[in-house]
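Structure record follows, encoded as structure tokens.
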Amino acid sequence: MGGRFRMAAVAAVMLAAAGAASGQSFPSKAVHILVPYSAGGGVDVLTRTLGDVVSKQWGQSIVVENRPGAGGVIASQAIATSPPDGYNLIMVASGHATNPFLYPKIPYDTFKDFSPISLLASSPNILLVRADSPFKSVGDVIAAAKAKPGSLSFAHAGNGTSTHLAGELLKNLASIDLNGIPYKGGAPAINDLLGGQIPMSFNNGPESIGQLQAGTVRALAVTTASRAPFLPDVPSMSEAVPGYDTEVWWGLLGPAGMPPDLVAKLAHDFIAAVNIDAVKERLMKLGALPIGSSPEQFDVKIHADYDKWGPIIKAAGMKAE
């Protein structure tokens with residue numbers, strides 16, 4: 001945690017001069033940020049939180065547009081074909097790095113068609129059940145799954161998303177058979193969990209925390225190797241399943257070919273926003289861990305997740321539906 005904040009601070013200092021000196025005329029009109037998932041999910045919450053801060057700094061509107069579908073591919077294609085002028089951006093989740101393995105005819109190049117701007121935050125995913133669920137622990141879930149293989153289902157935000165991968169990793173490491181049910185985002189998954197249509201759901205922090213506080217759902221585990229600072233009493237999955245560790249991250253991209261000074265300005269302004277104490281506090285309360293990286297660091301992260309999850313997705317035979 002401390003290392004991430006130090007990285008953000010260093011990145012902010014490195015980008016400050018470039019950001020302050022570049023793009024003096026930008027923005028001269030509203031900036032649109034696409035969210036490739038439904039309203040109310042983690043990506044949406046983060047984008048609107050940071051968008052409010054940056055728009056006030058700019059004196060220009062930031063229009064957040066939800067465009068769900070195909071695990072983010074539809075919104076990503078729209079950005080890949082947009083002018084590289086900074087007025088059309090996208091807040092992607094970690095599924096951006098894995099979509100090439102799920103969609104064999106993906107209409108863009110994950111690396112060549114985008115300009116990384118900043119890795120802004122991350123969150124553990126959380127295994128949720130309804131408050132009245134008979135499952136009190138991950139051990140209960142594993143025992144039930146082993147007693148009746150294939151009888152349990154879990155909701156996730158879409159094929160290849162971090163919540164889907166969280167479930168697949170549990171299946172693999174615990175040697176159990178679970179049915180993953182894809183939704184168009186985390187918010188619809190939670191709705192069906194609350195309605196009793198699904199017994200469990202993997203969701204990220206921001207879309208879970210409100211329901212946890214309301215007492216409508218119960219967290220069985222967080223998916224990172226260690227317990228989350230905003231849920232200190234909730235076990236990590238690795239406490240029941242050794243070696244388990246995964247997360248979701250969110251970052252800002254633009255179209256390929258954006259001028260370096262414009263990328264630097266955008267990175268500078270969003271890093272500054274994520275490092276405001278009030279924003280950090282809000283994100284932590286929402287279950288998101290602030291980061292704020294340089295464009296280069298974000299590019300490295302995307303490549304790293306592509307390399308990490310590609311073989312797992314291929315081995316599992318996972319495909320988009």
Side-chain angles (χ1 to χ4, degrees), residues 37-38 40-42 68 71 93 95 123-224 227-228 230-231 233-248 287 312-313 316-321:
Y37 302 101
S38 302
S123 172
N125 287 307
I126 305 170
L127 177 57
L128 301 174
V129 295
R130 276 194 359 167
D132 59 358
S133 170
F135 299 133
K136 306 298 183 184
S137 68
V138 174
D140 290 345
V141 172
I142 293 173
K146 288 187 173 181
K148 293 183 178 180
S151 64
L152 284 180
S153 299
F154 69 92
H156 59 79
N159 285 341
T161 60
S162 67
T163 50
H164 185 193
L165 294 174
E168 291 297 324
L169 192 59
L170 176 60
K171 289 169 58 176
N172 181 272
L173 293 180
S175 299
I176 57 176
D177 184 14
L178 299 173
N179 298 312
I181 308 300
Y183 286 77
K184 290 184 177 180
I190 285 185
N191 287 339
D192 269 13
L193 176 66
L194 294 174
Q197 285 82 23
I198 196 88
M200 304 180 295
S201 181
F202 278 95
N203 289 84
N204 60 52
E207 61 201 20
S208 306
I209 202 74
Q211 297 295 343
L212 287 168
Q213 291 171 344
T216 56
V217 298
R218 183 168 63 248
L220 298 186
V222 295
T223 63
T224 41
R227 296 192 178 198
F230 58 91
L231 292 173
D233 296 329
V234 176
S236 68
M237 190 75 76
S238 63
E239 293 176 39
V241 184
Y244 191 105
D245 183 21
T246 186
E247 65 177 0
V248 59
I312 295 174
I313 292 171
M318 295 163 56
K319 296 293 181 184
E321 295 181 354

Checking side chain to side chain donor-acceptor pair (under 3.5 Å) for the pair Thr216/Gln211: CA distance, chi angles, key distance, verdict? CA-CA 6 Å; Thr216 56; Gln211 297 295 343; 2.5 Å; yes

Ignoring hydrogens and geometry, is there a side-chain-to-backbone donor-acceptor pair from [X] to [Y] under 3.5 Å?
X	Y	result
Tyr244	Ala166	yes
Asn179	Gly150	yes
Arg218	Ala131	yes

Scan for salt bridge (Lys or Arg N to Asp or Glu O under 4.0 Å) pairs involving [range], sequence neighbours excluded, and state none if there are none.
range	value
residues 159-176	Glu168-Lys171
residues 125-143	Arg130-Asp132
residues 195-204	none
residues 173-198	none

Do [X] and [Y] touch side chain to side chain, with heavy atoms closer than 4.5 Å?
X	Y	answer
Ser38	Pro188	yes
Thr223	Asp245	no
Val217	Leu194	yes
Leu178	Leu170	yes
Ile126	Asn204	no

Heavy-atom closest contact ([X] atom, [Y] atom, distance):
X	Y	value
Ala93	Tyr37	CB-CE1, 4.0 Å
Pro124	Gly287	CD-O, 4.3 Å
Leu128	Ser208	CD1-OG, 3.6 Å
Gly180	Pro182	O-CD, 3.7 Å
Ser153	Ile198	CB-CD1, 3.7 Å

side-chain contact (heavy atoms from CB on, under 4.5 Å) against [X], all qualifying residues, sequence neighbours excluded:
X	answer
Ala144	Phe135, Leu152
Ser175	none
Val234	Ala219, Val222, Leu231
Ser162	Ser94, Asn125, Val248

query: With His156, which residues qualify under ring pair (Phe, Tyr, Trp, His ring centres under 6.0 Å), at least two apart?
result: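 With sequence neighbours excluded, His156 shows a ring pair (Phe, Tyr, Trp, His ring centres under 6.0 Å) to Phe154, His164, given in chain and number order.
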
Check your understanding: What's the verdict on side chain to side chain contact (heavy atoms under 4.5 Å, CB included) for Asn172 and Ile312, showing C-alpha distance, side-chain angles and the deciding distance?
Key -> CA-CA 10 Å; Asn172 181 272; Ile312 295 174; over 6 Å; no

Spatial distance of atom [atom1] ([X]) from atom [atom2] ([Y]) [nearest 0.5 Å]:
X	Y	atom1	atom2	value
Ser123	Phe230	OG	CZ	4.5 Å
Ser201	Ile190	OG	CD1	6.0 Å
Ile142	Ile176	CD1	CD1	5.5 Å

Restricting to side chain to side chain donor-acceptor pair (under 3.5 Å), what partner residues turn up for Thr161, sequence neighbours left out?
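With sequence neighbours excluded, Thr161 shows a side chain to side chain donor-acceptor pair (under 3.5 Å) to Thr163, given in chain and number order.
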
Would you list the atom pairs, donor with acceptor, under 3.5 Å between side chains in residues 235-243 and any protein atom, with sequence neighbours excluded?
residue	atom	partner	partner atom	Å
Ser236	OG	Ala225	O	3.3
Ser236	OG	Ser238	OG	2.9
Ser236	OG	Glu239	OE2	3.4
Ser238	OG	Ala225	O	2.8
Glu239	OE1	Arg227	NH2	3.0
Glu239	OE2	Arg227	NE	2.8
Glu239	OE2	Ser236	N	3.0

